[in-house]
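Heads up: the structure comes next, in structure tokens.
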Amino acid sequence: MENLRIPGPTPCPPPVLEAMARQMVNHRGPEFMQIVNDSTDKLKQLFQTRNDLFILTGSGTGGLEAAAVNVLSPGDKVLSVSIGVFGDRFAAIAQTFGAEVIPLKFEWGKAAEPDAVRQALKDNPDVKAVLITHNETSTGVTNDLGSLSAVVKEFGKLLLVDAISSLGSINLPVDEWQVDVAVTGSQKGWMVPPGLAMVSVSPQAWEAHEKAKMPRFYWDFTRAKNYLAKGQTPWTPAVSIFFALDIALDMMLKEGLEHIFARHARIAQAARDGIKSLGLSGFADEKYASNTVTSIAGSDGLDIAKMRKIMREEHQIVLGGGQQKLDGKVFRIGHLGLVTEEDIKAVIAALKIVLPQAGFGSGS
Ligand SMILES: *Cc1c(COP(=O)(O)O)cnc(C)c1O
């Protein structure tokens, strides 16, 4: 079997895959109503929230677009805190719909600094919302969202968070950290195929929603809320992925949030230790290294594309490459959702063989 070690899509447990083989049901009927209601309740537990929560059919990026268009108006000033590819994407979405984006960028591999966010909010008192990535999948960095949120809330601003690769894997108490809209996607830590975005919506976000003027139709939270009251979704949902999600959420609740977080922390540490034992170094600032994805800096003659090809063809291990300006410069090991220490040991053992075959150690 292939060891799929990219940060999404992640492998799915057999019962989750089997759930997808189920015959279709009426998405306006009682069986689906039960599933959507149960899954929403279970997700609220895993988001640690009492806010409204919607399961939208679309990928994570659709959830980010939903977050923007539901609470913002064209011309609104938005502070975009970006530490990588996905932070930039969130900003691009807001900008596309007419927000005036004030970029606050940090060097890739580093985490966002709360003091810099405070200064930016002092300098721009009319900012309406702050966009932050909790876990930047492209660089393997987890922001200190608790501290960043505290700063955003000193100023009473809306906080919209891309938690696509952290929620359900890394602690993110949505209510405690006052996240107004938190977004995640089914194919990351949830052990479910791609196709669903899950978003929570705070009372403050609802207030903003009342006045928000960005164009919205498919992603409209008011429509989602009205239909959820009937145990439905406004549009035909990805029914099979809902079947899968329902089962995966049961598995997650059975394992328990604390255990899930501890497992991710333990396995991430094993990945980082393993990398060091091979003479490689992490790309991310060690203090903020992610528990769901490890990014590794290429060095010493390593041809990353060649290494990934040999890993895939000869060891059935699929690793992530670098995105955008990190292409050819870093590679990534995904360790979120369905992952064990054995999976990571296998990666490190194979790398030990493959690294020299791909030029590592030839010193350039
Ligand atoms: C995967 C990911 C996305 C994009 O999600 P899609 O489901 O591919 O649209 C956005 N942000 C982060 C942090 C991600 O990890």
Side-chain angles (χ1 to χ4, degrees), residues 4-12 47 54-69 80-96 105-106 108-112 130-145 148 159-172 174 179 181-200 218-219 237-238 241 244-245 248 264 268 283-284 288-295 318-324 326 330-337 339:
L4 183 62
R5 298 272 55 101
I6 59 173
T10 62
C12 303
F47 274 54
F54 304 118
I55 307 168
L56 312 170
T57 290
S59 82
T61 305
L64 297 179
E65 183 174 315
V69 300
S80 146
V81 179
S82 177
I83 61 168
V85 170
F86 292 109
D88 289 354
R89 182 183 297 182
F90 204 179
I93 292 169
Q95 186 155 30
T96 298
K105 292 179 186 246
F106 295 86
W108 288 16
K110 300 271 192 287
V130 180
L131 314 181
I132 299 184
T133 317
H134 183 204
N135 185 75
E136 178 52 73
T137 318
S138 65
T139 60
V141 170
T142 305
N143 272 320
D144 177 0
L145 188 61
L148 293 166
L159 175 59
L160 313 183
V161 175
D162 174 348
I164 294 178
S165 61
S166 57
L167 256 169
S169 311
I170 297 172
N171 189 30
L172 199 189
V174 165
V179 178
V181 182
V183 179
T184 184
S186 56
Q187 81 279 20
K188 302 284 170 115
W190 305 94
M191 309 184 290
V192 173
L196 298 175
M198 298 85 96
V199 301
S200 63
Y218 187 81
W219 302 123
I241 315 288
L245 178 68
H264 281 83
F283 175 74
Y288 297 97
S290 167
N291 284 343
T292 58
V293 54
T294 294
S295 59
V318 181
L319 300 177
Q323 291 168 282
Q324 296 182 7
L326 296 180
V330 307
F331 67 98
R332 295 173 299 156
I333 305 172
H335 35 75
L336 67 170
V339 59

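No hydrogens, no waters, no symmetry mates; every other heavy atom, side chains included, goes into these values. All residue numbers refer to positions in the sequence shown, counting from 1. Not measured: the values here are computed from a predicted model. Remember, it's 1-based here, ligands and their atoms both numbered in the order they're listed.
When hydrogens are left out, the protein atom nearest atom 11 (N) of ligand 1 is D162 OD2, 2.6 Å; that is the closest non-hydrogen contact. At the shortest separation from atom 3 (C) of ligand 1 among protein heavy atoms lies F86 CE2, 3.4 Å. Nearest protein heavy-atom neighbour of atom 14 (C) of ligand 1: K188 NZ, 3.0 Å. In terms of protein heavy atoms, atom 4 (C) of ligand 1 is closest to R89 NH1, 3.4 Å. Among protein heavy atoms, atom 15 (O) of ligand 1 sits closest to T137 OG1, 2.4 Å. Ranking protein heavy atoms by distance to atom 8 (O) of ligand 1, first place goes to Q187 NE2, 3.9 Å.
Less than 4.0 angstrom separates some heavy atom of T61 from each of these atoms of ligand 1: 4 (C), 5 (O), 6 (P), 9 (O). Taking every heavy atom of S165 and a limit of under 4.0 angstrom, the matching atoms of ligand 1 come to 13 (C), 15 (O). Less than 4.0 angstrom separates some heavy atom of S59 from each of these atoms of ligand 1: 6 (P), 7 (O), 9 (O).
Checking only distances, N135 never comes within under 3.5 Å of ligand 1, N or O to N or O. An N or O contact shorter than 3.5 Å is missing between T133 and ligand 1 by distance. Taking any N or O of I164, backbone or side chain, none lies under 3.5 Å from an N or O belonging to ligand 1.
Between the side chain of Y218 and the backbone N or O of T57, at least one donor-acceptor pair lies under 3.5 Å. Formation of a donor-acceptor pair under 3.5 Å by the S295 side chain with backbone atoms of T139 is found in this model. Formation of a donor-acceptor pair under 3.5 Å by the E136 side chain with backbone atoms of N143 is not found in this model. Between the side chain of R5 and the backbone N or O of V318, no donor-acceptor pair lies under 3.5 Å. The backbone N or O of L131 sits nowhere less than 3.5 Å from a side-chain atom of S80 that would complete a donor-acceptor pair. Between the H335 side chain and the T294 main chain, a donor and an acceptor come within less than 3.5 Å of each other. Here the side chain of R332 pairs no donor or acceptor atom with the backbone of Q323 at under 3.5 angstrom. The closest donor-acceptor contact from the side chain of T292 to the backbone of S165 lies under 3.5 Å.
Residue contacts with ligand 1, taken as heavy atom pairs separated by less than 4.0 Å, do not involve E136 at all.
Heavy-atom separations between H134 and ligand 1 are all 4.0 Å or longer.
Partner of N135 under the side-chain hydrogen bond (donor to acceptor under 3.5 Å, both in side chains) criterion, out of T142, D162, N291: T142 alone.
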